Asks: 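Before anything else, here's the structure in question.
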Number of protein chains: 2
Amino acid sequence: MSLKIALLGILDLAPMTGYDLKKSIEASVAHFWSADQSQIYRTLAVLVSDGLAEVEVVPQQGRPDRREHHITPAGRGALNDWLRSPLEPETPHDAFLMRLFFVGTLGVPATRALLRTRRNQATALLAALRGVAEQEQSPREPDDRAPDDLGRRLRFATLRNGILHAEAELAWLVETKEALG
Amino acid sequence: MSLKIALLGILDLAPMTGYDLKKSIEASVAHFWSADQSQIYRTLAVLVSDGLAEVEVVPQQGRPDRREHHITPAGRGALNDWLRSPLEPETPHDAFLMRLFFVGTLGVPATRALLRTRRNQATALLAALRGVAEQEQSPREPDDRAPDDLGRRLRFATLRNGILHAEAELAWLVETKEALG
DNA sequence: TACCTATATAGGAGCACACCTATACAGGAC
DNA sequence: GTCCTGTATAGGTGTGCTCCTATATAGGTA
């Protein structure tokens, strides 16, 4: 369901090809959503056949035609319906915690190694998120200034969410390391 | 993949029926993993056909026979292999953040409502996790004392992880509410 | 010359999972 | 007497996703 929504949401900001969408996802929502390229094309085809998006073919020379996808009024309706639908608590699936839950049988050194790897990953993630956040916050040219509208604040808030959780993960790692003695 | 591991990990602690596994998952790993009952039975059948678990039929009167699943040496091997395999950074899928990312077009009141719902969910989750943690920590009868071994500490650590993240989420919600002015 | 990257598309195969449904009996609640 | 809960099993159907592969051309790098 949600990849459809992600695509509709991005297409609502600007019309795009599947290729553009892939890059746009990597640049903007990668910290809370990921998408396989082939899945994007498939889902895009479903959106079109459901009347939620329309294709405009833009010929190019030396390259495949751009198949630019535009959101339709029906697509905007579907997006808004989803945004207004009740927020279900999500069913968690955390492979790292499952590993930790069962890794005890392998002994203390293996456990420490697992926690170390996790710390490296969390540190790298935090640095990446802080890098993006700084760019977002950096002062802009006066004539280039994007409006500090609700949407922009909310997009920044999703970044802050990732940062706070990465910090919490690192704090937990310190605590857990100590608890192992 | 990971449900197989969850089942093997739990069966490594004690042999169980599918029904027992469902309850065990709800009682112990629900804060980071969820499993559908029909999926448990299907996955259990795969484990048996792969030689990772064996069934012992225990007849009962008035109830269906217990089909008790025991982990085999091959199953223990597969579990350990997975535990030792490299920890891949997970690809995130957070439907709430996606909602927040796009909800700006609906306006400030809808945004506030979304954040309020999220706060209620996070508060409930935190209370539930703290409840479980207290039970785990509560002093036991001297002759009933479970060994405070590595496994037990790690299982407690996964709970602490959930608690710290729930707290981080609430802190983020306060910050975000203020940022909306 | 040969490879690598960027642009742009999309199918094949298969996994893991969720939602819904069905079967069967015991014991307690109302 | 009927309904609900607990114990115990399992299939049907469909979704959403990943991994791998294929096609085609331009331009830069070794």
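Keep in mind that what you see is a predicted model, and the values were worked out from it rather than measured. A, B, ... follow the sequence lines: proteins, then strands. Residue 1 opens every chain. Values reported hereafter were calculated over all heavy atoms of this structure, with side chains retained and with hydrogens, waters and symmetry mates removed.
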Asks: List, with names and distances, any nitrogen or oxygen atoms from the protein found under 3.5 Å away from nitrogen or oxygen atoms belonging to nucleotides 20-23 of chain D.
Replies:
none

Asks: May I have the distance from Ile5(B) (atom CD1) to dA16(C) (atom C1'), rounded to whole angstrom?
Replies: 13 Å
Asks: What is the distance from CG of Leu21(B) to C1' of dA8(D), rounded to the nearest Å?
Replies: 13 Å
Asks: Specify the separation, in whole Å, of atom OH of Tyr41(B) and atom P of dA18(C).
Replies: 16 Å
Asks: Arg66(A) CZ to dA8(C) P: how many Å, rounded?
Replies: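 Roughly 5 Å, once rounded to whole Å.
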Asks: I'd like to know if Arg153(B) and Glu178(A) make a salt bridge, using a cut-off of under 4.0 Å between side-chain N and carboxylate O.
Replies: no
Asks: In residues 85-103 of chain A, which residues come under 4.0 Å of DNA chain C by heavy atom?
Replies: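 Listed by number, they are His93(A).
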Asks: Within this structure, what is the CG-to-C1' distance between Leu44(B) and dA8(D), rounded to whole angstrom?
Replies: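 One finds 12 Å between C1' of dA8(D) and CG of Leu44(B), rounded.
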Asks: Cation over ring, Arg99(A) on Trp82(B), under 6.0 Å and within 45°?
Replies: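 Yes, a cation-pi geometry holds between Arg99(A) and Trp82(B).
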Asks: State which residues pass side chain to side chain contact (heavy atoms under 4.5 Å, CB included) with Asp12(A); sequence neighbours excluded, sorted by chain then number.
Replies: Ile71(A), Arg76(A), Leu79(A), Thr105(B)
Asks: Starting from P on dT15(D), measure out to CG on Asp50(A) and report it in whole angstrom.
Replies: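 Answer to the nearest Å: 11 Å.
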Asks: Rounded to whole Å, please give me the gap between CG in Leu47(B) and C1' in dA10(D).
Replies: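 Leu47(B) atom CG is separated from dA10(D) atom C1' by 16 Å.
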Asks: Both Asp20(B) and Gln39(A) contact DNA chain D. Which one's nearest nucleotide lies toward the 5' end?
Replies: Asp20(B)
Asks: Using whole Å, what does the distance between atom P of nucleotide dA16(C) and atom CD1 of Ile40(B) come to?
Replies: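 Going from CD1 in Ile40(B) over to P in dA16(C) covers 15 Å.
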Asks: Check whether Thr72(B) reaches the backbone of Gly51(B) with its side chain - one donor and one acceptor, N or O, closer than 3.5 Å.
Replies: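 Yes, the answer is positive, given that a donor and an acceptor are paired below the 3.5 Å cut-off.
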Asks: What's the spacing between Thr123(A) OG1 and Glu169(A) CD if we round to 0.5 Å?
Replies: 10.0 Å
Asks: What distance do Lys177(A) atom NZ and Thr111(A) atom OG1 have between them, rounded to the nearest 0.5 Å?
Replies: 14.0 Å
Asks: Would you find a donor on one side and an acceptor on the other, under 3.5 Å apart, between the side chain of Asp50(A) and the backbone of Leu52(A)?
Replies: no
Asks: Supply the atom-to-atom distance Arg119(A) CZ to Thr176(A) OG1, rounded to the nearest 0.5 angstrom.
Replies: 12.5 Å
Asks: Go nucleotide by nucleotide along DNA chain D from the 5' end; which of Glu68(B) and Thr43(A) gets its closest nucleotide reached first?
Replies: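 Taking each residue's closest nucleotide, the earlier one in sequence belongs to Glu68(B).
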Asks: Applying a 4.0 Å non-hydrogen cut-off, can you work out what Lys22(A) is touching in the nucleic acid: base, sugar-phosphate, or nothing?
Replies: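 No contact.
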Asks: Can you tell whether the side chains of Arg130(B) and Glu167(B) come within less than 4.0 Å, N to carboxylate O?
Replies: yes
Asks: With a 4.0 Å cutoff (strictly under), does any side-chain N or O of Ser2(A) reach OP1 or OP2 of dT15(D)?
Replies: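 Result: no.
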